Amino acid sequence: KRARQINVSTDDSEVKACLRALGEPITLFGEGPAERRERLRNILSVVGTDALKKTKKDDEKSKKSKEEYQQTWYHEGPNSLKVARLWIANYSLPRAMKRLEEARLHKEIPETTRTSQMQELHKSLRSLNNFCSQIGDDRPISYCHFSPNSKMLATACWSGLCKLWSVPDCNLLHTLRGHNTNVGAIVFHPKSTVSLDQKDVNLASCAADGSVKLWSLDSDEPVADIEGHTVRVARVMWHPSGRFLGTTCYDRSWRLWDLEAQEEILHQEGHSMGVYDIAFHQDGSLAGTGGLDAFGRVWDLRTGRCIMFLEGHLKEIYGINFSPNGYHIATGSGDNTCKVWDLRQRRCVYTIPAHQNLVTGVKFEPIHGNFLLTGAYDNTAKIWTHPGWSPLKTLAGHEGKVMGLDISSDGQLIATCSYDRTFKLWMAE
Amino acid sequence: MALSKRELDELKPWIEKTVKRVLGFSEPTVVTAALNCVGKGMDKKKAADHLKPFLDDSTLRFVDKLFEAVEEGRSSRHSKSSSDRSRKRELKEVFGDDSEISKESSGVKKRRIPRFEEVEEEPEVIPGPPSESPGMLTKLQIKQMMEAATRQIEERKKQLSFISPPTPQPKTPSSSQPERLPIGNTIQPSQAATFMNDAIEKARKAAELQARIQAQLALKPGLIGNANMVGLANLHAMGIAPPKVELKDQTKPTPLILDEQGRTVDATGKEIELTHRMPTLKANIRAVKREQFKQQLKEKPSEDMESNTFFDPRVSIAPSQRQRRTFKFHDKGKFEKIAQRLRTKAQLEKLQAEISQAARKTGIHTSTRLALIAPKKELKEGDIPEIEWWDSYIIPNGFDLTEENPKREDYFGITNLVEHPAQLNPPVDNDTPVTLGVYLTKKEQKKLRRQTRREAQKELQEKVRLGLMPPPEPKVRISNLMRVLGTEAVQDPTKVEAHVRAQMAKRQKVRNLSNPAKKFKIEANAGQLYLTGVVVLHKDVNVVVVEGGPKAQKKFKRLMLHRIKWDEQTSNTKGDDDEESDEEAVKKTNKCVLVWEGTAKDRSFGEMKFKQCPTENMAREHFKKHGAEHYWDLALSESVLESTD
């Protein structure tokens, strides 16, 4: 009876392997595969199925212990790394001071006015509506990004084309040709369209084949290629200073490129699986990465240390973003939740059961961080109040998964792009 | 008569010991011979002569010792003439041995080992020599004693219901030796057995008799003095046994000399190793062993008597002098130390209490975590720090925080080192191979089902057959009631009908749908699907949270969203479930909406429960207790949003 409940592989070679593992003859005279299978089953019913499992488990264990053996260690990077770090330190500290100063000033505003402002904002957000929808390409649109002056929107498409659209008219301005495979992300240089020359590098994009390209605004061709990735690069992100470019790679590392020196200054490991998203702190002092291993890490760019480990998600982290207030981090994950972390307290302050499907992106409102935008594969994007994390508005309208989203730097426009090949702009009425 | 039986008895173990020491092995013949000598009151010389064949060189020394011991024993006791009975036994033994020795012929130098048990018993059977002993006492006395002893023996034998053997044993010592010998020789096995029993019996009775013997001895104090002389003369006169011994002694002339320690020495006083001939036949070896064993048995009690006569194990041995009590001083500082320890302990406790209190205040429960965070300045929510902690690490001393464009290079911790932190495996292992379920065709499914059911049925039947289970009740319906229950149904139709109806009800699987039918459905389904969770009933919104596996979730979701017709009832619910599904329904329209579904690491709730919460806070508290307040927040705010729309 017990024998019948045991499932034995129908693959003869596997049956033989099992028999061999058990120390039984792999074949008897005149025995066919069926009899052999029956024999294995009978043996297993006597010995117990654990016998086979054990050997498998041992293998796994040894594998695991090998991995666990990995401990924190250091290696010496190039000299340019130290130079860059010092530069970042000099860059970030005044910004941090400035940010804190502003925060203090903001705090001095009486609470009543603050709450009224907040209510106003919420009201306007409640009235958010889809005001423009545009078919962006003939393949799903994977990413969208507003230009710093909020007059342009860059979209990345799986067709390999990146497009620039005027906002809010949604007219095609440029088509950037260069990638051959799915483009993962395209981002504007933080100074682009504000103070940067059109001929300079204004955009950076990455694709699934590991290519990273830099674009200017006056050409359809890439200005430069960044080579060094062998596998998929999921995201690129500019450092707030515009001097560095961060890329996340499926080879379990993220890189920091110094565009002035035109070299890779940091190849940072730490995730046990591919790294998906990266975000820089407003000050430029920190970088946050979210990996497919369900953990997030916050790195200090000056010292190179991992200063915070974001542990709590159950599935891959697909989105990470720093709040402009400087100490909140939001992460969106495949477990349908969005977590908000406090850098100062170094813990997760809230878990938003955000969506019905995996959360692809999270974004704080860029000016004050007063709300949080999340997009997910359940075809919706949602807006949450930032402190409080209650739902404000669900941006429904896409017919496919929401794959990318952005908020314009003035906070007025919200863009979402989807698997249904469209991108939509949302604005308060 | 030199010594009483009792004395002899007492002497015996000692002699045995001595013999053992001298010869290196126990030798009953020597012992008995020695006893005989002493018993007969021989003087040293005579005894020595007598024993010479056995002991060779060491005879003289042995005899000296023997006599010393005898003297000692005599002086320490009121000696008396022994009872004939016991003495006779001794003598018999002696002579039995002797005769045996003679029979065996003396190839062996000094050892005589009886080969068979019968042989061993023979001495009793052949009491030839006793005729010598009478010489030591006045014949009349001896006769009287002997008669008395014989009577006793006879009596005892009768008591023991032995076939009183027609042996010479009971015969008075006055009977002549020639007469006896043939009898002894013609002994039958059965007789031998009885004799053996007799011997054992006698040994047992010996102790009993001793008291009587002592009394008799007390009556004849003067006897011992001339005993030796008489014995000596007697021996010479009789000359029966000794010559016999002497005869065979001549074959082994090598003298045995023993030193004080009983070692064998040669004439010059040098130690020599004697070659001990052991019998090589298995039978002989066995015989030796048996003999030794018997010897030990015999020895034991007597030995005990000797060494432990005055020793009572119950009496504890107190030291002769009481020990003086000394002063016990405490080390200097001992109590100070104890006090100090107590003080520090108290301090520690106080500190811990403080810490735990602080922890409670700050909401951090484990003191360890507190210890980690305590040194740093605790920031309240919304407080703005002077400087962010991650910046503070690298800031050097004397750094001007307000500096606009610093160009410094003296930050702490900025190196070109690249960190490789330990990599942690993801919490959910994704690389487990996905196994495809076993899919069977309809036919196979049916076959499998048939087989399993048949087997289960067989098992059941087996159990019933073995009496492990009661046999199944007959299946009754109203229609077959009469046929199945027969007479019972006739006797009490009402009762039987009730029984039948109950049985039918059991089969029918009827679910009682009570008034709050939907509530029941939720609960029942959750229970059946092994879902855990909670249902919070609030005036505006009812939140249903269920946690469970994907399949269960799927089913429950379908139940909530499709199967239950929420709007057909007037009152209503807003459910919400989590973990993989939540739903809600609002009063007026009465619907159920899925609020959120997703995965969580652990189940937050226990078995499905309903909770009535009049206020929002109460509901939130309830969720917070389970660490899932966000479910409530979300459900509530969504319902609020919905109502405002």
Side-chain angles (χ1 to χ4, degrees), chain A residues 1 4 7 64 67 70-79 81-82 85-86 89-90 92-94 96-97 100 103-104 107 266-273 285-286 292-295 300 302-307 314-315 326-327 335-337 343-345 350-353 355-356 389-391, chain B residues 373 379 381-391 393-395 399 401-409 411-428 438 448 451-452 455 459 578 582 594-601 630-631 633-634 636-638 640-641 644:
Chain A
K1 186 189 170 194
R4 202 139 46 72
N7 285 325
K64 268 185 191 169
E67 276 170 27
Q70 291 183 336
Q71 287 175 334
T72 305
W73 56 284
Y74 298 87
H75 88 266
E76 261 183 56
N79 239 351
L81 177 60
K82 193 175 177 184
R85 280 174 173 174
L86 282 170
N90 284 326
S92 64
L93 284 172
M97 290 307 126
L100 290 174
R104 278 182 213 111
K107 210 185 173 189
L266 181 65
H267 179 112
Q268 183 69 64
E269 290 178 343
H271 286 280
S272 58
M273 288 171 83
S285 53
L286 308 175
L292 301 180
D293 57 357
F295 299 125
D300 190 323
R302 286 88 45 96
T303 56
R305 308 284 300 274
C306 175
I307 57 161
L314 286 169
K315 290 186 180 168
Y327 62 94
D335 60 7
N336 308 357
T337 61
L343 260 178
R344 287 179 185 157
Q345 293 171 34
Y350 199 77
T351 304
I352 310 172
H355 288 273
Q356 247 84 198
W389 307 286
S390 55
Chain B
I373 294 160
L379 268 175
E381 185 80 30
D383 268 5
I384 297 160
E386 208 42 34
I387 188 159
E388 301 284 6
W389 60 266
W390 56 90
D391 286 332
Y393 281 152
I394 63 159
I395 286 179
F399 182 78
L401 290 171
T402 56
E403 209 172 327
E404 267 307 309
N405 282 309
K407 287 282 170 283
R408 303 177 62 123
E409 302 202 340
Y411 296 108
F412 287 121
I414 295 191
T415 55
N416 60 350
L417 292 179
V418 177
E419 191 185 46
H420 296 262
Q423 298 178 2
L424 276 100
N425 284 326
V428 183
V438 183
L448 203 67
Q451 281 177 342
T452 44
E455 213 149 288
E459 214 163 82
D578 122 302
D582 324 55
L594 179 65
V595 173
W596 183 73
E597 58 178 332
T599 43
K601 197 167 186 179
H630 42 274
Y631 299 149
D633 291 349
L634 189 65
L636 185 70
S637 48
E638 290 216 335
V640 169
L641 280 181
T644 55

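Please read these numbers as outputs of a predicted model, since none were measured by experiment.
Contact of the B/E388 side chain with the A/L100 side chain is registered, since non-hydrogen atoms from C-beta on lie closer than 4.5 Å. A 4.5 Å side-chain heavy-atom check between B/W390 and A/T303 finds every atom pair outside the cut-off.
In this structure, the portion of A/D300 lying under 4.5 Å from any heavy atom of chain B is its side chain and not its backbone. When heavy atoms are compared at a cutoff of 4.5 Å, A/L343 approaches chain B by way of both its backbone and its side chain.
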- [ ] Evaluate the side chain to side chain contact (heavy atoms under 4.5 Å, CB included) criterion for residues A/M97 and B/I387: first the C-alpha distance (whole Å), next the side-chain angles of each, then the deciding distance (0.1 Å), finally the verdict.
- [x] CA-CA 7 Å; A/M97 290 307 126; B/I387 188 159; 3.4 Å; yes

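Taking the six-membered ring for Trp and thresholds of 30 and 60 degrees, B/H630 and A/Y350 have ring planes more than 60 degrees apart, a perpendicular arrangement.
Of the listed residues (A/G270, A/P353, A/A103), the one with the most heavy-atom contacts under 4.5 Å to chain B is A/P353. When each of B/L417, B/T452, B/D633 is scored by its heavy-atom pairs under 4.5 Å with chain A, the top score falls to B/L417. The most heavy-atom pairs under 4.5 Å with chain B, out of A/K82, A/E269, A/R305, A/H267, come from A/K82. Taking A/H271, A/H75, A/H355 one by one and counting their heavy-atom pairs under 4.5 Å with chain B, the maximum is reached by A/H75.
Contact between B/N416 and A/P78 at its shortest, heavy atoms only, is CB-O, 3.5 Å.
Dense packing is recorded around CD of B/Q451, with more than 12 heavy atoms of other residues, nucleotides or ligands lying under 6.0 Å away.
At distances below 3.5 Å, at least one donor-acceptor pair connects side-chain atoms of A/Q268 with backbone N or O atoms of B/E419. Here the side chain of A/N336 pairs a donor or acceptor atom with the backbone of B/E597 at under 3.5 angstrom.
For the atom pair CD1 of B/I414 and CZ of A/R302, the computed distance is 6.5 Å after rounding to the nearest 0.5 Å.
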